[in-house]
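What follows is one structure encoded as structure tokens, with my remarks underneath.
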Amino acid sequence: MDGVFINKRFIMIALFCIVSTTVHGQGTRVGFYATTCPKAESIVKSTVQSHLNSDPTLAAGLLRMHFHDCFVRGCDASVLVTGSATERTAFANLELRGFEVIDDAKTQLEAACPGVVSCADILALAARDSVVLSGGLSWQVLTGRKDGRVSQASDVNNLPAPTDSVDVQKQKFAAKGLNTQDLVTLVGGHTIGTTSCQFFSNRLYNFTGNGPDPSIDPSFVPQLQALCPQNSGGSNRVPLDTGSQLKFDTSYYANLRNGRGILESDEALWNDASTKMFVQRYLGLRGLLGLSFSVEFGNSMVKMGNIGVKTGADGEIRNICSAFN
């Protein structure tokens, strides 16, 4: 499955382990709304599905939004708040997409169960549903988060950046309690979605002062240069996973192996021994025991979804996701 030499029976066993063992977090649990809003998860899923039917590229936007939320003040929906100098206005968040999906789901949930379901949980559920609707495997999302009461653009200063070395990426993930495997796995979310030329065009022309980044497959360079002309086209969009931008699969890792990673930080995962090992395992290379990317992605998303979670009196249930109560 997904280019990994692993049979379906093993995947189902692994999925059972996820369901059986990962049922509690920092005050969160699977099925938190079972009695207070039993249709909560199905409402979010149907909302996401409706929007993705119209625009499947929103799947990547919703997944990325959850990531950007969790890595700043924890998974507290602070990235959703509008207004002057909020997280949403920070440069790193200007290209986030899918806010209308979260707002739509919140409107429906408020009609069904007023004041019960947090925006932070909606975002976590929508990220999972986006992956599943793009062809990935499901996982059980722990719920029970509260929404944060603070959102400041100045806090958005430590998100992983497109030019980060592997060491810097590892430091940023470790600061959130995530290990090297989590890093390689979660960055694999780039199997869906696009990025702007401005974030990698430095690799295409004078990277070393004498031409393109030598880690890029030379036959791939003209294709990228056509998409991102020198000194122009900074806002042009390029798939992060060439040839498979809408399908949640392992072709992203195959592209890294073939020198076709788009971002400098992505391609670096293949050129550093500590991260290359996990890329190889997702591709079933070198005789290593294969890992199922889709299964491990669910595991890592559960870990990421518990970063800085607010529960009880630490937060609130917003009436609308874009504003504090």
For the pair [X] and [Y], find out whether any cationic side-chain nitrogen is under 4.0 Å from an anionic carboxylate oxygen.
{"X": "D167", "Y": "K172", "value": "no"}
{"X": "E316", "Y": "K146", "value": "no"}
{"X": "E41", "Y": "K45", "value": "no"}
{"X": "R237", "Y": "E95", "value": "yes"}

Non-hydrogen atoms of [X] and [Y] that approach each other most closely:
{"X": "A124", "Y": "V141", "answer": "CB-CG1, 3.9 Å"}
{"X": "L159", "Y": "N93", "answer": "CD1-OD1, 4.0 Å"}
{"X": "P160", "Y": "F71", "answer": "CD-CD2, 3.8 Å"}
{"X": "G188", "Y": "F293", "answer": "O-CZ, 3.5 Å"}
{"X": "I320", "Y": "C119", "answer": "C-SG, 4.3 Å"}
{"X": "I262", "Y": "P239", "answer": "CG1-O, 3.3 Å"}

Hey, what do you get for [atom1] ([X]) to [atom2] ([Y]), rounding to the nearest 0.5 Å?
{"X": "F324", "Y": "T82", "atom1": "CZ", "atom2": "OG1", "result": "9.5 Å"}
{"X": "Q225", "Y": "Q230", "atom1": "CD", "atom2": "CD", "result": "8.0 Å"}
{"X": "S151", "Y": "D76", "atom1": "OG", "atom2": "CG", "result": "8.0 Å"}
{"X": "K310", "Y": "R73", "atom1": "NZ", "atom2": "CZ", "result": "6.0 Å"}
{"X": "R64", "Y": "I192", "atom1": "CZ", "atom2": "CD1", "result": "12.0 Å"}
{"X": "F199", "Y": "C228", "atom1": "CZ", "atom2": "SG", "result": "12.0 Å"}

Hydrophobic clustering (ILVMFWY, side-chain heavy atoms < 4.5 Å, transitive) - are [Y] and [X] grouped together?
{"X": "L263", "Y": "W270", "value": "no"}
{"X": "L240", "Y": "L256", "value": "no"}
{"X": "M65", "Y": "L52", "value": "yes"}
{"X": "L123", "Y": "I317", "value": "no"}
{"X": "V238", "Y": "Y253", "value": "no"}

Any donor and acceptor pair, going by atom type alone, linking the side chain of [X] with main-chain N or O of [Y] inside 3.5 Å?
{"X": "R257", "Y": "Y252", "value": "no"}
{"X": "S50", "Y": "T47", "value": "no"}
{"X": "T107", "Y": "D103", "value": "yes"}
{"X": "S42", "Y": "K39", "value": "yes"}
{"X": "R145", "Y": "L142", "value": "yes"}
{"X": "D69", "Y": "A77", "value": "yes"}
{"X": "R128", "Y": "W139", "value": "yes"}
{"X": "T191", "Y": "D249", "value": "yes"}
{"X": "R149", "Y": "G315", "value": "yes"}
{"X": "Q169", "Y": "S265", "value": "yes"}

Within the 4.5 Å heavy-atom criterion, are [X] and [Y] side-chain neighbours or not?
{"X": "C75", "Y": "N306", "result": "no"}
{"X": "L63", "Y": "V131", "result": "yes"}
{"X": "L186", "Y": "M301", "result": "yes"}
{"X": "V81", "Y": "R318", "result": "yes"}
{"X": "T195", "Y": "P162", "result": "no"}
{"X": "T194", "Y": "Q245", "result": "yes"}
{"X": "M304", "Y": "D182", "result": "no"}
{"X": "K303", "Y": "N179", "result": "yes"}

Q. Any side-chain donor paired with an acceptor under 3.5 Å for S274 and K170?
A.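 Side-chain D/A pair, S274 to K170: present.
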
Q: Using the salt bridge (Lys or Arg N to Asp or Glu O under 4.0 Å) rule, take D121 and K106 through it: C-alpha gap first, then chi angles, then the decisive distance, then the call.
A: CA-CA 10 Å; D121 280 344; K106 179 62 171 175; over 6 Å; no

Q. Does the pair L62 and I102 meet the rule for a side-chain contact (heavy atoms from CB on, under 4.5 Å), with working shown?
A. CA-CA 9 Å; L62 291 165; I102 305 302; 3.8 Å; yes

(Q) Q181 vs E296, test: side-chain contact (heavy atoms from CB on, under 4.5 Å). Steps then yes/no. (A) CA-CA 9 Å; Q181 181 175 330; E296 296 302 329; 3.1 Å; yes

Q) For N319, what residues pass the side chain to side chain contact (heavy atoms under 4.5 Å, CB included) criterion, not counting sequence neighbours? A)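 Applying side chain to side chain contact (heavy atoms under 4.5 Å, CB included) to N319 gives N325.
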
Q. Residues two or more places apart in sequence or in another chain: which of them pass side chain to side chain contact (heavy atoms under 4.5 Å, CB included) with E264?
A.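 E264: side chain to side chain contact (heavy atoms under 4.5 Å, CB included) contacts with T163, N202, R203, F207.
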
Q | N53 atom CG: more than 12 heavy-atom contacts under 6.0 Å | A |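 Check passes, neighbour count above 12.
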
Q: Step by step, work out the side-chain contact (heavy atoms from CB on, under 4.5 Å) result for N271 and K276.
A: CA-CA 6 Å; N271 296 314; K276 182 177 183 177; over 6 Å; no

I'd like to check the side-chain hydrogen bond (donor to acceptor under 3.5 Å, both in side chains) partners of [X]; sequence neighbours left out, ordered by chain and number.
{"X": "Q49", "answer": "none"}
{"X": "S219", "answer": "D217, R260"}
{"X": "S130", "answer": "none"}

Q: Check T242, D241, N258 against S251 for a side chain to side chain donor-acceptor pair (under 3.5 Å) and give me the one that passes.
A: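 The side chain to side chain donor-acceptor pair (under 3.5 Å) with S251 is passed solely by D241 among T242, D241, N258.
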
Q.
For Y282 and S294: C-alpha separation, side-chain torsions, deciding distance, then whether side-chain contact (heavy atoms from CB on, under 4.5 Å) applies.
A. CA-CA 9 Å; Y282 286 138; S294 280; over 6 Å; no

Q. Relative to each other, are the rings of F173 and F67 parallel, tilted or perpendicular (30° and 60° limits)?
A.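 Tilted.
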
Q: Check ring pair (Phe, Tyr, Trp, His ring centres under 6.0 Å) between F200 and all other residues, then give those that pass, not counting sequence neighbours.
A: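 F200: no ring pair (Phe, Tyr, Trp, His ring centres under 6.0 Å) contacts found.
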
